[in-house]
Amino acid sequence: MPSQKITSALAEIEASATSQNKLQLYNDLLSEAVSTSPEPQLADDLIYYLDSVLSEDLSIVAARPILESFITILRKLKPETQIQVGQHAVTLFQSRSTSVEEQDSQIRMILADAYESEEEFISAARSLQGIHIDSSQRLVSDADKVGLWIRIVRLYLEEDDTTSAEAFLNRIKNLPNKIEDPELKLHFRLSQARIQDARRRFLEASQEYFNVSLAAGVDESDRLQALAAAIRCAVLAPAGPQRSRTLATLYKDDRATSVEEFGILEKMFLDRLLNPDEVAAFSQRLAPHQLAQTADGTTVLEKAVVEHNLVAASKLYENIKTDALGAILGLQGRGDITAGEKAEAYAARMVEQGRLSGSIDQIDGIIYFQSSTTATGRHIRQWDAGVLGLLEGVERVATNIAEATAQAG
């Protein structure tokens, strides 16, 4: 409830004769209320004050200067008071939306700041969403629109609401003009990377994080964080030629040795088998959504590691029994499904998707690999065998000549 002092003073002002006199009286009362009302009472007093200013007795033209003073005062108050008063203000403005769009915009910005300071990110985003940006009353540049939408995107991402965040990111993509401001462009790329990461589009996310790590004007520590995020996403991406190219780009970056993820990056790039301890250590640096379970009950990381180790195995073997492969991949049987059958299912899917070259003999339970590495190794062994055969033939001829010469002598 408002204080008796405020209600009495406002009654006197409303009864005043001229608008000019009211303007001065309203401003004087606002200053007095802020300086004398205790904090718990201040919100109720300001709400009652605002109701009086926006009553039908005062024209909107006369009210605007008072509202500007009110907004200036509101910016200096505590977040909880800003939220309580600001919510009431935007509700009142709805009936006069076209007349007070600028004031509504300013109060919504104050509200968003207050909500954000209280870590109420969704409420902050919704406050900003209510700002009118396509109106004849206010001219908002594309740069200002992008700045507003980027902030909304980042707020939604704080709560992992990627659906709402992507909706506003798409608005930016649909603007006819490109983003020119380097800082906004950086925030756009980072937001896009975070959305793709959350949606498990890890290859695209890795590329965007990598672009951020190369952007000008970014602190070195932030560059390395973005590079580490790029590596994590590349590791989690489905195994195949495209991921191999991404891993190569990251591995060849001179900064890669500076981040903790370099160890697993190197083993993946060199197609080496990953052991459980390495995977467990890497998992400690992943976000919750990167450890989420997939439809088959495995985590994103587990699936990525199995697929990588399957590719690594294809570099070591020309063919292998499915049971043996299941053991190498660390797969466990479940119910009627054996580890070998699981390994066969992984291999079949990757072959079908063009991410692994090979064929499967289901009757004998053997997988035949046809990777360039095994093919090259086979050709080298064939070459070595041919050279060895030639040398043995030469040695036999030389021995025969020596024996014939000795007999003739």
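All heavy atoms count here, side chains included; hydrogens, waters and symmetry mates do not. Remember, it's a predicted structure, so these values are computed and weren't measured experimentally.
Looking only at side-chain heavy atoms (C-beta outward), Gln4 and Thr7 come within less than 4.5 Å of each other. For the pair Thr162 and His289, the minimum side-chain heavy-atom distance is 4.5 Å or more. In this structure, Tyr251 and Met268 have side chains that are not in contact, with every pair of non-hydrogen atoms separated by 4.5 Å or more. Between Leu190 and Tyr209 the shortest side-chain heavy-atom distance falls below 4.5 Å. A heavy-atom distance below 4.5 Å is found between the side chains of Leu250 and Ser206. In this structure, Thr257 and Glu266 have side chains that are not in contact, with every pair of non-hydrogen atoms separated by 4.5 Å or more. Leu128 has its side chain within reach of Met109: a pair of non-hydrogen atoms, C-beta onward, lies under 4.5 Å apart. Looking only at side-chain heavy atoms (C-beta outward), Arg171 and Leu175 stay at 4.5 Å or farther from each other.
In this structure, Arg349 forms a cation-pi arrangement with Tyr346, its terminal cationic atom sitting closer than 6.0 Å to the ring centre and no more than 45° off the ring axis.
Taking CD1 from Ile320 and CD1 from Ile366, the interatomic distance works out to 10.5 Å, rounded to the nearest 0.5 Å. Atoms CZ and CD1, on Phe369 and Ile367 in that order, are 5.0 Å from each other to the nearest 0.5 Å. Summarising the geometry, atom NZ belonging to Lys342 is positioned 13.5 Å from atom CG belonging to Leu325; distances are rounded to the nearest 0.5 Å. Between atom CG of residue Leu50 and atom CG of residue Asp45 there is a gap of 12.5 Å, rounded to the nearest 0.5 Å. The CD1 atom of Ile107 sits 9.0 Å away from the CG atom of Leu92 when rounded to the nearest 0.5 Å. How far CD of Gln370 is from CG of Leu356: 9.5 Å, rounded to the nearest 0.5 Å.
Between the side chain of His132 and the main chain of Glu102, no donor-acceptor pair closer than 3.5 Å is present. Checking side-chain atoms of Arg232 against main-chain N and O of Leu286 turns up no donor-acceptor pair under 3.5 Å. Under the 3.5 Å distance criterion, the side-chain polar atoms of Asn319 are left unmatched by any main-chain donor or acceptor of Tyr368. A donor-acceptor contact shorter than 3.5 Å is absent between the side chain of Asp219 and the backbone of Ser221. One N or O on the side chain of Asn309 and one on the backbone of Leu274 form a donor-acceptor pair closer than 3.5 Å. With hydrogens and angles ignored, the 3.5 Å screen pairs no side-chain donor or acceptor of Lys185 with any backbone N or O of Glu180. Using a distance-only test at 3.5 Å, with no hydrogens or angles considered, no donor-acceptor pair links the side chain of Arg285 to the main chain of Ala229. No donor-acceptor distance shorter than 3.5 angstrom exists from the side chain of Gln41 to the backbone of Pro38, with no hydrogens or angles considered. Of the possible donor and acceptor atoms, one in the side chain of Ser35 sits under 3.5 Å from a partner among the backbone N and O of Glu32. Judged by distance alone, with hydrogens and angles left aside, the side-chain atoms of Glu307 form no donor-acceptor pair with the main-chain N or O of Pro238 at under 3.5 Å.
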Take Ser191 and Arg154 through the side chain to side chain contact (heavy atoms under 4.5 Å, CB included) test and state the conclusion after the steps.
CA-CA 7 Å; Ser191 297; Arg154 295 173 70 188; 3.8 Å; yes

Applying side chain to side chain donor-acceptor pair (under 3.5 Å), run through Asn170 and Glu166 and close with a yes or a no.
CA-CA 6 Å; Asn170 288 336; Glu166 191 167 24; 4.9 Å; no

For Asp253 and Phe210, run side chain to side chain contact (heavy atoms under 4.5 Å, CB included): C-alpha distance rounded to whole Å, both residues' side-chain angles, the deciding distance at 0.1 Å, then the answer.
CA-CA 10 Å; Asp253 193 299; Phe210 185 62; 3.3 Å; yes

Before you tell me yes or no, could you show the steps for Glu208 and Gln192 under side chain to side chain donor-acceptor pair (under 3.5 Å), namely the whole-Å CA-CA distance, both residues' side-chain angles and the distance that decides it to 0.1 Å?
CA-CA 7 Å; Glu208 288 297 338; Gln192 188 161 255; 3.1 Å; yes

Test side chain to side chain contact (heavy atoms under 4.5 Å, CB included) applied to Glu101 and Phe93, step by step:
CA-CA 8 Å; Glu101 284 185 357; Phe93 287 165; over 6 Å; no

Would Asp104 and Gln94 count as a side chain to side chain donor-acceptor pair (under 3.5 Å) here? Give the steps.
CA-CA 9 Å; Asp104 178 72; Gln94 288 177 0; over 6 Å; no

Show your working on side chain to side chain contact (heavy atoms under 4.5 Å, CB included) between Tyr26 and Leu10 and close with a plain yes or no.
CA-CA 8 Å; Tyr26 270 120; Leu10 287 172; 3.7 Å; yes

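Across Gly358 and Val351, no two heavy atoms sit closer than the pair O-CG1, 3.7 Å. Taking all atoms of both residues into account, the shortest heavy-atom contact from Lys145 to Ile133 is CE-O, 3.8 Å. Closest approach of Leu291 and Ser283 over heavy atoms only: CD1-O, 3.9 Å. Closest of all the heavy-atom pairs between Ala114 and Ile83 is CB-CG1, 3.7 Å.
Counting heavy atoms of neighbouring residues, nucleotides and ligands inside a 6.0 Å radius, atom CZ of Arg194 exceeds 12 of them. The 12-atom threshold is not exceeded at CD of Gln242, counting heavy atoms of other residues, nucleotides or ligands nearer than 6.0 Å.
The existence of a salt bridge linking Lys321 and Asp323 is excluded, since no basic side-chain nitrogen approaches an acidic carboxylate oxygen closer than 4.0 Å. Taking a cutoff of 4.0 Å between a charged side-chain nitrogen and a carboxylate oxygen, Arg151 and Glu116 qualify as a salt bridge. Between Glu204 and Arg199 there is no salt bridge, since no side-chain N of the basic residue sits under 4.0 Å from a carboxylate O of the acidic one.
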Output side-chain donor-acceptor pairs under 3.5 Å for residues 60-80, partner residues at least two apart or in another chain, one line each.
| from | atom 1 | to | atom 2 | distance (Å) |
| --- | --- | --- | --- | --- |
| Arg64 | NE | Ser99 | O | 3.2 |
| Arg64 | NH2 | Ser99 | O | 3.0 |
| Glu68 | OE2 | Gln103 | NE2 | 2.9 |
| Ser69 | OG | Asn27 | OD1 | 3.4 |
| Ser69 | OG | Pro65 | O | 3.3 |
| Thr72 | OG1 | Glu68 | O | 3.0 |
| Arg75 | NH2 | Gln106 | OE1 | 3.3 |

